[in-house]
Amino acid sequence: MQRKKWIALIIVMAVLFAGLIVEGFAGPPADLANHPGYAWEESVVSGTGNAKILQLFVNGVISGERNAAGIPTNTEVLREQLRYAEEDENVKALVLRIDSPGGEVVATDEIYNRLLRFKQVRKIPIVVSMGSTAASGGYYLATAADTIFANPNTLTGSLGVIFNLVNYSEAADKLGIHQYAIKSGRFKDIGSPARPVTTQEQQIFQTLVNESYNKFVDVIVKGRNLSRERVLEIADGRVYSGEQAKRLGLIDQFGDLEEATQHALSLSGEQAATVIRYSDQISFSKLLFSMKQHWSNPDPLGLSRILDRHSTHRLLYQFIPGES
């Protein structure tokens, strides 16, 4: 009997951690993070001294939507970490490591504006280090930096917006399936997968895409000091290597995270500093809280959300191979 209990506990924990990996978990649930006794734990990477160079990370798809288990998104975690760093006067520079294909337009823009606010309040340099991929919304965030580092083989660019619509009307007709929309206005069911998209509806969607695209162009013009005409030439949605991006003026230097951190130190004006990262002070109570959330949910891994990705209308600053 005791053995069965241990097996059950192992299975529950395996489901929990699988869910965390799927969603790119990087911190505690928001209600725990905001708990009076909660604090980010500083993990020392290298160096010494009171001055700090902070390394933060943006990994995976940028999203503002939690999974079924209520695990915080990477945007929530990063926002909380920036708030925490904003109150620490010993933080003299920020290094943002980006390994992301981008994601939702709103979530991306919110984090971008949060980075600008951090920069304005603290008046300290921000340096971006690109990982394997820093495309579309990943690049959008990078424009907030004073200096952008990348590897010559980094995939970046994909400067633009995509809005996916799935349509199964022909298949439904063959199966004899019909959907009737009783609506208050002619465009209330715009984008319905059950019927073809009209020319007018395409124009409406294109207007939305164009607005977000122009916003993307604006942040590149502002962040990279390039003319609008030049940005419009290169922002055609294609993906660039780090080598190509440097020639185009989209990045500044080649180098890894360590070299980007050394550059941040030089920009900070400090002679020496301690390089730190934030990590969650994981406790058994927090683990049980997360396990309870997963256990009470019929879809702990968020598979329904993954399968439903194409059926939800979202403007995306995202590099999606085969679609963008």
Side-chain angles (χ1 to χ4, degrees), residues 11 14-16 18-25 60-76 100-110 133 135-138 158-216 236-239 293-324:
I11 292 173
V15 170
L16 166 65
L20 298 186
I21 292 170
V22 167
E23 289 300 315
F25 181 69
V61 175
I62 300 168
S63 173
E65 180 183 351
R66 291 188 176 193
N67 75 345
I71 292 184
T73 63
N74 48 12
T75 59
E76 288 179 286
S100 169
E104 297 171 16
V105 164
V106 172
T108 301
D109 191 58
E110 285 180 349
T133 304
S136 203
S158 189
L159 312 175
V161 189
I162 188 168
F163 189 88
N164 289 310
L165 290 173
V166 173
N167 190 280
Y168 52 72
S169 57
E170 290 186 14
D173 287 341
K174 290 179 181 179
L175 294 173
I177 300 172
H178 302 285
Q179 176 176 305
Y180 300 97
I182 311 304
K183 51 191 179 180
S184 59
R186 59 188 297 198
F187 295 118
K188 185 59 181 173
D189 66 337
I190 187 171
S192 170
R195 61 171 179 78
V197 180
T198 68
T199 301
Q200 285 181 307
E201 289 173 336
Q202 289 180 2
Q203 292 172 345
I204 291 172
F205 285 129
Q206 189 63 57
T207 299
L208 296 175
V209 168
N210 291 346
E211 287 180 357
S212 294
Y213 174 74
N214 286 327
K215 171 67 175 176
F216 201 158
D236 59 3
R238 77 181 72 183
V239 66
Q293 294 295 97
H294 277 269
W295 188 252
S296 64
N297 195 288
D299 184 21
L301 301 184
L303 295 178
S304 61
R305 177 181 157 194
I306 296 171
L307 294 173
D308 193 49
R309 180 169 66 91
H310 288 293
S311 63
T312 305
H313 299 165
R314 288 192 186 93
L315 287 165
L316 301 174
Y317 289 139
Q318 187 172 344
F319 170 52
I320 309 175
E323 298 183 21
S324 58

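Remember, predicted model here, so these are calculated numbers, not experimental data.
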Closest non-hydrogen atom pair between A194 and Q179, with its separation = CB-CB, 3.8 Å
Would you call S63 and T75 a side-chain contact if the rule is heavy atoms closer than 4.5 Å?
-> no
Listed by chain and number, what are the salt bridge (charged side-chain N to carboxylate O under 4.0 Å, His left out) partners of E110, not counting sequence neighbours?
-> R79
Applying side chain to side chain contact (heavy atoms under 4.5 Å, CB included), name anything that partners S100, two or more places apart in sequence or on another chain.
-> V58, I62, I98
Name all residues meeting the side chain to side chain contact (heavy atoms under 4.5 Å, CB included) criterion together with K188; count only those two or more places apart in sequence or in a different chain, and write none if there are none.
-> K183, S184
Which residue pairs pass the salt bridge (charged side-chain N to carboxylate O under 4.0 Å, His left out) test when at least one of the two sits in residues 158-167, sequence neighbours left out?
-> none
Tell me the salt bridge (charged side-chain N to carboxylate O under 4.0 Å, His left out) pairs involving residues 196-207, sequence neighbours left out?
-> R195-E201
Output all residues satisfying side chain to side chain donor-acceptor pair (under 3.5 Å) with E211, sequence neighbours left out; order by chain, then residue number.
-> none
Where is the tightest heavy-atom contact between G103 and V61, given as atom of each residue plus distance?
-> CA-CG1, 4.0 Å
Any residue meeting side chain to side chain donor-acceptor pair (under 3.5 Å) with Q206, in chain and number order, not counting sequence neighbours = N210
Name of the residue among V161, N164, T108 meeting side-chain contact (heavy atoms from CB on, under 4.5 Å) with L316 = N164
Please list, chain by chain and in numerical order, all residues satisfying side chain to side chain donor-acceptor pair (under 3.5 Å) with T133, sequence neighbours excluded.
-> none
